[in-house]
Amino acid sequence: MEQTSPTYRALTIAGSDSGAGAGIQADLKTFAALGVYGLSALTAITAQNTQGVRAVLELPSTLITAQIDAVLEDIGADAAKTGMLSSSAVIEAVAECVQRWQLRLVVDPVMRAKGGDPLLAEEAVETLRTRLLPLAEVITPNLPEAEVLTGSRIETLDEMKEAARVIHAQGPQHVVIKGGHRVEEPVDIYFDGEQIVELRAERIDTPHTHGTGCTFSAAIAALIARGRPVGTAIAGAKQYITGAIQHAPGIGHGHGPVEHFWMYTEQGTPLPTQEQHWSPWFNRAKEQLHGTDTH
Ligand SMILES: Nc1ncnc2c1ncn2[C@@H]1O[C@H](COP(=O)(O)OP(=O)(O)O)[C@@H](O)[C@H]1O
Ligand SMILES: Cc1ncc(COP(=O)(O)O)c(N)n1
């Protein structure tokens, strides 16, 4: 009989982006690109395109809990991620589900869209810190989000490293401070509670970075769901997002989306299902983890 490979499952708990570059849509595309069956629980609906957010409707917390329970009771998830959580009420409901279902969780602490529109109420930052951070296996703040979580200005690599330690002390087991907002090259700082690793990539000169944070955190969740060690999942996600930005289709009039299926469209080959497809990435991921200066 032909052997079937296991079906890995990942759940995204996030907002809908009608432009489909960020939010739930970016997460589901990332899960599909990385060979993981994607589940979704919507927290909010945004009317959004590459130029900005026009309207937001937060969904009732009971409906968010009902979505999570419906998919987990039936299908289950090997890992989960959160994106836009909108308010304290939503965070409370999600945290209760994460605890009850004992989810392996990647938290992308989304606060604003690329154009600056708020996606999290200011009153919710404290709830995020106290309720969700202690439940996070991985957290992936960008520089402005790390500044809010630490209450400090962050510019240099040393300040990013210090911020990673401060955020780690708030509960998450693994912290990645993303460097996409740096003026210099987009170095991400990864701290696992023991060592600090610099994840380096060339800056790609493009306005098309809508959904980069969503895509990066979804890739980490997907690779964790596939059974990768957390450090390898993070370094692999960095390879994946770099390729996705490089191959951005350049659509829309503002910050356009990235290309989630870049590794298939480039070669024009059918979707591979075999694990050896990933090996070039994971070799590069291992180099990133072991070949850089550690402190
Ligand atoms: N212009 C770019 N060139 C290469 N990598 C980038 C670029 N912009 C962002 N990245 C990478 O994309 C990932 C998401 O980072 P960032 O854009 O800072 O997140 P967010 O979308 O949450 O603001 C990080 O790994 C970051 O280093
Ligand atoms: C619904 C939703 N969720 C998240 C983001 C953040 O996107 P980015 O990944 O660019 O920070 C967004 N613009 N819209």
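For ligands, and for the atoms within them, numbers begin at 1 and follow the listed sequence. Every value quoted in this text rests on a predicted model; they were computed, and no experiment measured them.
The aromatic rings of H247 and W262 sit parallel, their planes meeting at an angle under 30°, below the 60° perpendicular limit.
Residue contacts with ligand 1 for E202 involve N, CA, C or O but no side-chain atom from C-beta outward (heavy atoms, distance under 4.0 Å). At a heavy-atom distance under 4.0 Å, only backbone atoms of S16 (N, CA, C or O) approach ligand 2. Neither the backbone nor the side chain of H255 comes within 4.0 Å of ligand 2, counting heavy atoms alone.
Contact analysis leaves E185 out of contact with ligand 1, as no non-hydrogen atom separation drops below 4.0 angstrom. Within the structure, ligand 1 lacks R182 among the residues with a heavy atom less than 4.0 angstrom away. Residue contact annotation: D188 has a non-hydrogen atom under 4.0 Å from ligand 1. Ligand 2 lies nowhere less than 4.0 angstrom from a heavy atom belonging to A14.
Between the side chain of Q99 and the main chain of E96, no donor-acceptor pair closer than 3.5 Å is present. In this structure, the side chain of R129 engages the main chain of L149 through a donor-acceptor pair within 3.5 Å. Without hydrogens or angle criteria, T156 side chain to E159 main chain gives a donor-acceptor distance under 3.5 Å. Counting only distance, with no hydrogens or angles, the side chain of D188 and the backbone of K178 share no donor-acceptor pair below 3.5 Å. A distance-only check finds no donor-acceptor pair linking the side chain of T140 to the backbone of V176 [under 3.5 Å].
By the 3.5 Å distance cut-off applied to N or O atoms, G211 is counted among the residues near ligand 2. By the 3.5 Å distance cut-off applied to N or O atoms, E145 is not counted among the residues near ligand 1. Annotation: G180 places an N or O atom under 3.5 Å from an N or O atom of ligand 1; distance criterion only. Considering backbone and side-chain N/O of N142, one or more are found under 3.5 Å from N/O of ligand 1. Backbone and side-chain nitrogen or oxygen atoms of D108 are examined, and none is located within less than 3.5 angstrom of a nitrogen or oxygen of ligand 1.
Of all atoms in ligand 1, numbered sequentially from 1 with element shown, those under 4.0 Å from a heavy atom of K178 are 14 (C), 15 (O), 18 (O), 19 (O), 20 (P), 22 (O). The ligand atoms of ligand 1 that sit less than 4.0 angstrom from a heavy atom of K238 are 25 (O), 26 (C), 27 (O). Within ligand 2, counting atoms from 1 as listed, the ones closer than 4.0 Å to a heavy atom of A113 are 13 (N). The distance from ligand 1 to the heavy atoms of R203 drops below 4.0 Å at these ligand atoms: 1 (N), 2 (C), 3 (N). Residue contact check: I204 has heavy atoms under 4.0 Å from atoms 1 (N), 2 (C), 3 (N), 4 (C) of ligand 1. Atoms of ligand 2 lying under 4.0 Å from any heavy atom of K114, numbered from 1 in the order shown and given with element: 10 (O). Taking every non-hydrogen atom of H181 and a distance limit under 4.0 Å, the qualifying atoms of ligand 1 come out as 18 (O), 23 (O). Taking a cut-off of under 4.0 Å to the non-hydrogen atoms of H210, the atoms of ligand 2 that pass are 10 (O), 13 (N).
Of the residues listed (L143, V187, I196), the one engaging M160 in a side chain to side chain contact (heavy atoms under 4.5 Å, CB included) is L143, and it is the only one.
Scanning all protein heavy atoms for the shortest distance to atom 21 (O) of ligand 1 gives K114 NZ, 2.7 Å. Nearest non-hydrogen protein atom to atom 14 (N) of ligand 2 is Q48 NE2, 3.2 Å. In terms of protein heavy-atom proximity, atom 17 (O) of ligand 1 is nearest to T212 OG1, 3.0 Å.
Listed by first and then second residue, the side-chain hydrogen bond (donor to acceptor under 3.5 Å, both in side chains) pairs that reach into residues 61-72 are D69-R100, D69-W101, sequence neighbours excluded.
In this comparison of G213, G180, C214, the heavy atom closest to atom 6 (C) of ligand 2 sits on C214. When I241, T209, V258, I177 are checked for heavy-atom proximity to atom 12 (O) of ligand 1, I241 turns out nearest. Scanning V110, I245, V176 for the heavy atom closest to atom 11 (C) of ligand 1 points to I245. Of the options L119, D17, T46, the smallest heavy-atom separation from atom 12 (C) of ligand 2 is shown by L119.
Using a cutoff of 4.0 Å between basic side-chain nitrogens and carboxylate oxygens, K161 and E198 are scored as salt-bridged. The existence of a salt bridge linking E92 and R131 is confirmed by a sub-4.0 Å separation between a basic side-chain nitrogen and an acidic carboxylate oxygen. Contact check on E185 versus R203 returns no salt bridge, with no Lys/Arg side-chain nitrogen under 4.0 Å from an Asp/Glu carboxylate oxygen. Using a 4.0 Å cut-off between a side-chain N of Lys or Arg and a carboxylate O of Asp or Glu, D27 and K81 qualify as a salt bridge.
Residues L59 and V56 do not share a hydrophobic cluster, clusters being chains of Ile/Leu/Val/Met/Phe/Trp/Tyr side chains in contact below 4.5 Å.
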### Task
Show your working on side chain to side chain donor-acceptor pair (under 3.5 Å) between D17 and H210 and close with a plain yes or no.
CA-CA 11 Å; D17 166 12; H210 181 65; 2.8 Å; yes
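For L128 against P109, the heavy-atom pair with the smallest separation is CD2-CB, 3.9 Å.
In this structure, CG in L119 is found 12.5 Å from OG in S87, a value given to the nearest 0.5 Å.
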